[in-house]
Trainee: 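Have a look at this one.
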2 protein chains.
Amino acid sequence: MYEQLKLDNQLCFRLYTASRLITQAYRPYLEPLGITYTQYLVLMVLWEKDNLLVSEISERLMLDTNTVTPLLQRMEHEDLLVRTRSVVDARQKLVSLTKKGRRLEEQAKEVPACMVAKLPFLGNDPTRIQAFIENLNGMIDMLKE
Amino acid sequence: MYEQLKLDNQLCFRLYTASRLITQAYRPYLEPLGITYTQYLVLMVLWEKDNLLVSEISERLMLDTNTVTPLLQRMEHEDLLVRTRSVVDARQKLVSLTKKGRRLEEQAKEVPACMVAKLPFLGNDPTRIQAFIENLNGMIDMLKE
DNA sequence: TTAATTTATATCGTTCACGATACAAAAATA
DNA sequence: TATTTTTGTATCGTGAACGATATAAATTAA
């Protein structure tokens with residue numbers, strides 16, 4: 001038995017588990033809105049700035065087009081957004097919120113507070129959260145190359 | 001535009017991204033062994049203690065049976081393990097490593113060091129890593145209910 | 001002992017995530 | 001201008017994740 005292969009020693013396993021549980025924790029708030037966590041991420045990007053290219057959304061979420069395209073197709077099918085061919089460059093596709101997609105922002109604005117409430121330890125110490133996010137950002141920077 | 005709905009403010013998005021990138025970072029080391037990251041997790045559990053019930057693996061990885069069962073089926077198909085009906089309780093299924101599954105441990109023992117090398121900032125400050133893991137464990141404890 | 005309930009695992013359907021590949025449009029090169 | 005290369009998006013196939021449901025075996029209750 002190699003010590004380094006023990007599950008409990010693995011930072012990565014914790015990260016993987018925490019990420020899964022976070023997604024699960026969002027579900028009760030997002031399901032009533034008819035969206036998944038990944039779709040919520042797309043919407044947050046578009047709420048911040050509408051009419052983006054597929055590639056811009058892709059870059060913002062650090063996801064490849066082979067993940068983003070089907071995701072946007074499903075969201076278009078749900079009438080959350082529309083994808084229109086760019087006139088400047090016919091390869092590009094412009095993603096824009098529909099009325100329904102825009103309206104969801106109003107309903108979603110309480111979601112972050114609900115999630116914070118599920119993670120009380122985070123509320124206590126702002127510098128601790130900051131350090132935590134710094135660590136995550138550090139990892140992301142190192143791995144995204 | 002609600003401030004709390006900005007993507008950059010979201011700890012959860014960082015966690016989600018870091019987790020994805022970690023899994024991607026494992027790939028070059030695990031693919032030569034013919035396994036995925038999740039399969040590697042199962043193997044780590046079994047290398048630590050062989051002959052476990054499906055429910056024990058499930059609990060250890062905090063994954064439900066509807067994830068674990070198909071996973072184990074694929075791994076059985078790859079001749080990494082076998083699943084045998086328990087004689088004590090015919091509902092239970094015992095999961096045991098095959099020779100091939102056991103041999104993989106030897107090949108996998110370098111993987112953790114390779115991953116640490118990909119995350120140099122972690123090597124510098126052990127207390128920082130510890131605090132990081134504590135935060136993750138804290139989140140997991142709060143979310144697993 | 002029979003019937004109802006609980007438990008352990010499995011199946012089904014949907015959505016991600018992602019490597020590999022395809023395809024058409026644009027840009028670069030000949 | 002014709003050809004090649006690059007770029008932006010899409011398609012395909014596979015393996016997770018996971019909610020919902022199913023099934024058979026064990027346990028409990030009647």
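Quick note on labels: first sequence line is chain A, next is B, and so on, each numbered from 1.
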Trainee: Taking the side chain as everything from C-beta on, heavy atoms only, tell me whether A:Val45 gets closer than 4.5 Å to A:Glu56.
Mentor: no
Trainee: Between B:Tyr16 and A:Tyr37, how do the two ring planes meet: parallel, tilted or perpendicular, split at 30° and 60°?
Mentor: perpendicular
Trainee: Hydrophobic clusters join Ile, Leu, Val, Met, Phe, Trp and Tyr when side-chain heavy atoms are under 4.5 Å apart, directly or via other members; which others share one with A:Leu94?
Mentor: A:Leu53
Trainee: Do the side chain of B:Arg20 and the main chain of A:Met62 share a donor and acceptor less than 3.5 angstrom apart?
Mentor: yes
Trainee: For B:Val87, what are the other residues in its hydrophobic cluster, where any two members join if their side-chain heavy atoms are less than 4.5 angstrom apart?
Mentor: B:Val88
Trainee: Sugar-phosphate means primed atoms, P, OP1 and OP2; the rest is base. With that split, encode nucleotides 10-19 of chain D 5' to 3' as B, S or - using protein heavy atoms under 4.0 Å.
Mentor: BB---SBBBB
Trainee: Can you pull the side-chain hydrogen bond (donor to acceptor under 3.5 Å, both in side chains) pairs that have at least one residue in residues 62-72 of chain A, sequence neighbours excluded?
Mentor: none
Trainee: What distance do A:Lys118 atom NZ and A:Ile22 atom CD1 have between them, rounded to the nearest 0.5 Å?
Mentor: 9.0 Å
Trainee: Report each atom pair, protein N/O against N/O of nucleotides 4-6 of chain D, whose distance is under 3.5 angstrom.
Mentor:
none

Trainee: Does any pair with a residue in residues 67-78 of chain A pass salt bridge (Lys or Arg N to Asp or Glu O under 4.0 Å), and if so which ones, sequence neighbours excluded?
Mentor: A:Glu76-A:Arg83
Trainee: Going by side chain to side chain donor-acceptor pair (under 3.5 Å), name the residues that satisfy it together with B:Asp50, two or more places apart in sequence or in a different chain.
Mentor: none
Trainee: On DNA chain C, reading 5' to 3', which nucleotide is the first and which the last to sit with an atom under 4.0 Å from a heavy atom of chain A, could you check?
Mentor: C:dT15 to C:dA26
Trainee: Not counting sequence neighbours, which residues clear ring-ring contact (aromatic ring centres under 6.0 Å, His included) with A:Tyr29? List them please.
Mentor: none
Trainee: Output every pair passing salt bridge (Lys or Arg N to Asp or Glu O under 4.0 Å) with a member in residues 85-99 of chain B, not counting sequence neighbours, ordered by first then second residue.
Mentor: B:Asp89-B:Arg91
Trainee: What bend angle does the helix from C:dT1-D:dA30 to C:dA30-D:dT1 show across its length, from five-pair end axes and to the nearest 10 degrees?
Mentor: 0°
Trainee: Which residues pass the salt bridge (charged side-chain N to carboxylate O under 4.0 Å, His left out) test with A:Asp79, not counting sequence neighbours?
Mentor: none
